[in-house]
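Since this is a predicted model, take the numbers as computed values, not measurements.
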Number of protein chains: 2
Amino acid sequence: MVTVSPNKIIRIAIADDVPILRKGLILLLNSYKPCGVDIEANNGEELISKIKSAENKPDICILDISMPVMDGYETLSAIKQYWPNIKVVILSVHYNEYTIIRTVREGASCCLPKEVDTDELFTAIKQVHNKGYYHTELVKHYLNNSMYEDVRKLKLNKNEQEFLRLCCSDMSYKQIALQMELSPRTIDGYRDDLFLKLNIKSRSALVMFALQTGLVTSPSEKA
Amino acid sequence: MVTVSPNKIIRIAIADDVPILRKGLILLLNSYKPCGVDIEANNGEELISKIKSAENKPDICILDISMPVMDGYETLSAIKQYWPNIKVVILSVHYNEYTIIRTVREGASCCLPKEVDTDELFTAIKQVHNKGYYHTELVKHYLNNSMYEDVRKLKLNKNEQEFLRLCCSDMSYKQIALQMELSPRTIDGYRDDLFLKLNIKSRSALVMFALQTGLVTSPSEKA
DNA sequence: AAAGAAAAGGGTGTTTTAACGGTATATAGC
DNA sequence: GCTATATACCGTTAAAACACCCTTTTCTTT
């Protein structure tokens, strides 16, 4: 610590690819006395690079999950690897068992849904800064009571990610196998593995999972 | 018109169930001189009731699609029915052919993705107020070139909505039929109808459609 | 009251999905 | 060298999904 003042401001960095939300959040947080937003980025990669070149590192990073280039899951890992002391708050539309367990187990200090009310957001940030964490009832519930035992299994490898992405379409497993240049049997194995890991029984549920966790983002349609 | 001043402010009403986005948007729009936000609501029903009791009706309503109680699609219909002169801007994460065609054909003056950049949002609002509409390239593209000919077919009835909701799960069609107290054949018919209407061939694509259009919202998980 | 449309129910066949049981190979750690 | 682990691969069977053509019932509409 170089300078410590009694009324030190909580330095905040924000990564979110929705400009109106990001700008709004900045106005909102800056209007709240103890906070100051220094860094904003529209994806994880940009955030990491801005933190690297920042003279004063932020106290807290607020991350969205689904962002282009580098998503919130990866960004969280990178931050915790480079700067373990920076606290991370996940603020996302994706708010489910998978997202909560994966991010909190990876070191997030707090995981909130975007539907959070502004007062609770302020409370959360203050408590994260002072106590190191802020867990909602749902987060507490899943921390005590989750079907996912092993964090490592929550991360999907490249092939699994690609498979999951292709599942979100009209393609049959045979066509997916063809596209990925793998045997249909191998694809069956991927599916069976995911069904087991995620405790689901159908491709429909797999699609639900993919979209709800932000692991697959619907292709932003371009004309 | 009761009072017309040369520098009349554009009166805006906002309905969105995400408080931080709503608050942020209000700060943002109020910081833009020609705009003034008078009404905010966290769902369509609340918005309609606030407009009803408002002395001065808004010029423009900004609507989210996926909201509890009354969603953006229904809210748009209601507004256009009661107050055809109020302009509606759809601002949503849901930005696809279905959403664009359905809202614009129903009378929306503008349909924007939440990823819109703040300058474009300001431009859109100004142009909607002056010219009556603002269409992005993607909106223009779909207006000239859509697979949905008939707007009426875009609206799903109660049974179809319920069916679509239940499709987003691990349930088999047989289980869905049981749950809805209808014959499995009838359910098959619903599916075939939707496949035809939406030009898709699999339940996975149906789930994708349901989530991407906001016609089905993932149940917000509660502990 | 008759015609027509829309919704529900039906039969039958093919294709795809899903559950279960396996083997072979590479490679990283002990 | 052995063991654990991850990856790719294989076969069988049952269930579910999907396609196609058809009838009955229930409403609107005229």
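- Judged purely by atom type and a 3.5 angstrom limit, N96(B) uses its side chain to pair as donor or acceptor with the backbone of Q212(B).
- The shortest distance between the side-chain N/O atoms of N159(A) and the OP1/OP2 oxygens of dA8(D) is below 4.0 Å.
- Listed candidates were dG9(C), dC10(D), dA8(D). Nearest to the side chain of S183(A) is dC10(D).
- Residue Y173(A) has no polar side-chain atom (N or O) positioned under 4.0 Å from OP1 or OP2 of dT15(C).
- A straight line from CG of D193(A) to P of dT17(C) spans 18 Å, rounded to a whole angstrom.
- Residues S66(B) and Y73(B) bring no donor and acceptor atom of their side chains to less than 3.5 Å of each other.
- In this structure, K201(A) does not reach the dA19(C) phosphate: none of its side-chain N or O atoms is under 4.0 Å from OP1 or OP2.
- Rounded to whole Å, the distance from CG on D188(B) to C1' on dT16(C) is 15 Å.
- Distance CD (E162(B)) to P (dA8(C)): 13 Å, rounded to an integer number of Å.
- Distance from the side chain of L182(B) is smallest to dG9(C) among dA16(D), dA18(C), dG9(C).
- Here E46(A) pairs with K50(A) in a salt bridge; the nearest charged N to carboxylate O distance falls below 4.0 Å.
- Phosphate contact (OP1/OP2 of dT7(D), side-chain N/O of Y190(A), threshold under 4.0 Å): absent.
- Using a 4.0 Å heavy-atom criterion, one finds that R185(A) contacts the bases of the nucleic acid, with or without backbone contacts as well.
- Heavy atoms of T186(B) sit under 4.0 angstrom from at least one base atom.
- When the P atom of dC20(D) is taken as reference, atom CG of L196(B) falls 10 Å away, rounded to whole Å.
- The line from CG of N159(B) to CD1 of I187(B) is 7.5 Å long, rounded to the nearest 0.5 Å.
- In the set dA19(D), dA16(D), dT16(C), dA19(D) carries the atom at the smallest distance from any side-chain atom of D192(B).
- In terms of modelled atom types and a separation under 3.5 Å, the side chain of E97(B) and the main chain of M147(B) share a donor-acceptor contact.
- Within the 4.0 Å cut-off from OP1 or OP2 of dA6(D), not a single side-chain nitrogen or oxygen of N157(A) is found.
- Between R191(B) atom CZ and dA7(C) atom P there is a gap of 17 Å when expressed in whole angstrom units.
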